[in-house]
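A short write-up of the structure that comes next.
Since we're looking at a predicted model, the values are computed, not measured.
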Amino acid sequence: MLLSTNPNTLNLSTGSNSYYSGTASLNDDEEFTDILEERRRNTDLGYALRTFNPQPYKGAPSCSTSDLNKAVLESQYLRYIIALETGSSVEKVRQEARGILEEMSHNLQLGFIRLMAYTFNKVFKRLFRSIYVNMEGLNMLQQAIQESPVILMPNHRSYVDFLIVSFVLFTYDIPIPVIAAGIPLASMKVVGEILRRSGAFFIRRAIGSDKLYWAVLSEYVRTIVRTGCAPLEFYVEGFRSRTLKSVVPKLGMMDMVLEPYFKGEVFDITLVPISISYDRVVEESLLALELLGVPKPKESTTGLFKASRVLQEDYGCMHVNFGRPLSVRQLCEGKINRSEYNLIPRYRFIQDCVNWLAHLIVRTQEEGALISPWSLMACLLLQAPITTLTEEGLQWHGLTEKTLWLRKLVLDFRGRLNWPAHTPDSDVMSSTVALHHSIVHHKAGRVYLVQDGNPASQDPLSPEEKVMRTAAAVLMLVSYRNQALHVFVRPGILATAIHITKSTQKDELFSFFCFLRDVFSSEFIFIPGRASQDFDEACSLLQKCGAVYISQQEVTVLETGLEVLSFLQKLLQPFLESYQLIFRYLCENGAHVFTEKQFLPAVRNLATKLILSGDLHTFEVLSSDTQKNVLSALRRLEAVTKLRQNEYKVNKAAVRRTGDILCKIICDIPVKIKLLFCVRLENFDLFLPCCL
């Protein structure tokens, strides 16, 4: 049982009463069913060999791999691209295209789906206590698949994501999807072929300017969508999030799946956002090490078997929340004129629409995610000094009291909680800390951060090595805090704007809100063109919890809201400090041109020195994802220019001006407005006071 909440909707309804909805929200008060409960009562073999009778799109027969590949090779578009290729004979180019297809294409076979079901049934029962699925979402998906081509769009937090959707759909007689996957998985001996025959098709990570490869891939995807031969599943974020928070969407695949609708080849396309939430992520320690610069282990069959020790651990529960099917036709109404699609230059407005839809999907995934008690506790643990966590320990009683306070705040902010309704709160929190024994331990009424007690070498650790060990533990804690951030980001940005401006005027607060929203657009998900709605939402949530009073022109802080505002400011403080430090590095470093390989270790070395000297207290700046997000933000603000692959040029004056504002937020020095700093935001210019 879950605490029931009403999710925040995005109010995009077009008035349809069908199962389609322009409202990008997930269902209120879903009933979640544990699909492992019945699996534990029956045999694995019986489950794998059960009758599987899915209802396909408009009753269409399944399309074999050879038929699909033939349709792609003989398509008018691919013939045109092949004819354009110069320097090689048409037959040679055609053979090259055929080779690309053979490397790429899936070979979905029911026998291997049954093998997958048998294997994953065993694995999931070992890894998880329960896998909860919302039945109303599945019912709507089953109906949608019969009426239009369906695109399944889960978030991506773990390798476990890859076949969990297929596992659920097999369980409920829903057509198995074909799944976009990275080409390294195809090179895994035996496993790669099993994945291919379970529906995976493989895409190269570095396509570059290979026009033929792009043409084959896009036509392959469009053919799957046009024919509706199977649902198509892909991760709109592009890759697995190493920080467990949402990643800014990638648009390549999104553009491909939507083009059949834009060109009028299909009447409609249905997008289904899927939110996968974990109590504990299998790769938690590996993700933290990757963020600290440790190379990611290469995908291999040998590595998979070596990782089998994870089967000895308890990973709690998983929730798979199938969102309300979204009609592309309804969402794009008034935005795209399909009759003009092939007649006018369209790249900009089509890309704007695709970008908007992609952000909408990721934001909907966030709204459908369930927040665990551990995520709330992680938010609070990270606000304690690091010495308290590593040496003195944080008082258990205070932590539990504050967690219950934060639970109420999450509900006020319309978040979704995975909090057992019929278990004493003290037991819920004790069990969640026990589940995360790799990060913290509870001893004698205090909670301590766990640091690796078995380093590979028995030699004494250097100060820098000690920082990295602590950072690995902190970044694991950060990843679970990140699972709750989407609930707090908008009111948190407003709380920070109130803190910096010391103003009650809505227009001044809105200007700073927009500045911070734009700076952090690579950290958090903001739907393009919705700055005003985000600000209104932040005002509404802070007023609802009693933190502020909102009038037509003013936002007034209430004494009863100081605790909420302080919590929200501290929640964003690590991001502010990390960005300010990286801005400082870019301004003080002599080089105007640098590569990513030079930038990442240099920032990490600077941050390590400052942590050792006591001048820096956030370990999040050591994360390579944070460092890359700063570069993305500065590129958007036109303070950094990308010259070529992984090489950048910095405008130090522009970086310094932006950093001055963040410095004011951190240092809280008296406000002196000396000049106006122009920041370009979406479709308009805002003039912001630069606090020096």
Looking only at side chains, do [X] and [Y] share a donor and an acceptor under 3.5 Å apart?
X: S75; Y: Y80; answer: no
X: E147; Y: Y57; answer: no
X: S148; Y: D268; answer: no
X: R636; Y: S522; answer: yes
X: N53; Y: D173; answer: no
X: S64; Y: D67; answer: yes
X: Q365; Y: N155; answer: no
X: E366; Y: S246; answer: yes

Residue pair L475, L287: steps toward the side-chain contact (heavy atoms from CB on, under 4.5 Å) verdict: CA-CA 9 Å; L475 290 182; L287 294 176; over 6 Å; no
By side chain to side chain donor-acceptor pair (under 3.5 Å) - contacts of [X] (at least two apart):
X: K125; answer: D44
X: R98; answer: Q95
X: S277; answer: none
X: S624; answer: R242

Where at least one partner belongs to residues 152-167, residue pairs that pass salt bridge (charged side-chain N to carboxylate O under 4.0 Å, His left out), sequence neighbours excluded: R157-E237
side-chain contact (heavy atoms from CB on, under 4.5 Å) with [X]: which residues, sequence neighbours excluded?
X: Q533; value: R530
X: R129; value: D314, C317, L435
X: L138; value: V133, M135, L141, V168, L169, Y172, I174, F322

NZ/K70: more than 12 non-hydrogen atoms of other groups inside 6.0 Å: no
ring-ring contact (aromatic ring centres under 6.0 Å, His included): pairs with one or both residues in residues 192-218, sequence neighbours excluded: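 Checked against ring-ring contact (aromatic ring centres under 6.0 Å, His included) - neighbours excluded - the pairs reaching residues 192-218 are F201-Y220.
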ring-ring contact (aromatic ring centres under 6.0 Å, His included) pairs, two or more places apart, involving residues 225-254: H156-Y235
Trace of the side-chain hydrogen bond (donor to acceptor under 3.5 Å, both in side chains) decision for S372 with D279: CA-CA 6 Å; S372 69; D279 283 353; 5.0 Å; no
Side-chain (R196) to main-chain (A186) donor-acceptor, under 3.5 angstrom: no
From CA spacing to verdict: salt bridge (Lys or Arg N to Asp or Glu O under 4.0 Å), E367, R416: CA-CA 8 Å; E367 291 178 335; R416 293 173 178 268; over 6 Å; no
Distance-minimising heavy-atom pair for S166 and M116: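 The answer is CB-CE, 4.0 Å.
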With F167, the ring-ring contact (aromatic ring centres under 6.0 Å, His included) member among F124, F162, F120: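 So the option named by the test is F124.
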Those residues that, when tested against R41, pass salt bridge (charged side-chain N to carboxylate O under 4.0 Å, His left out) (two or more places apart): E37
Set of salt bridge (charged side-chain N to carboxylate O under 4.0 Å, His left out) partners for R222, sequence neighbours left out: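 With neighbours one apart ignored, the set is E219, E259.
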cation_pi(R114, F52) dist<6.0 Å, angle<=45: no
Pair Y47 + Y118: ring centers closer than 6.0 Å: no
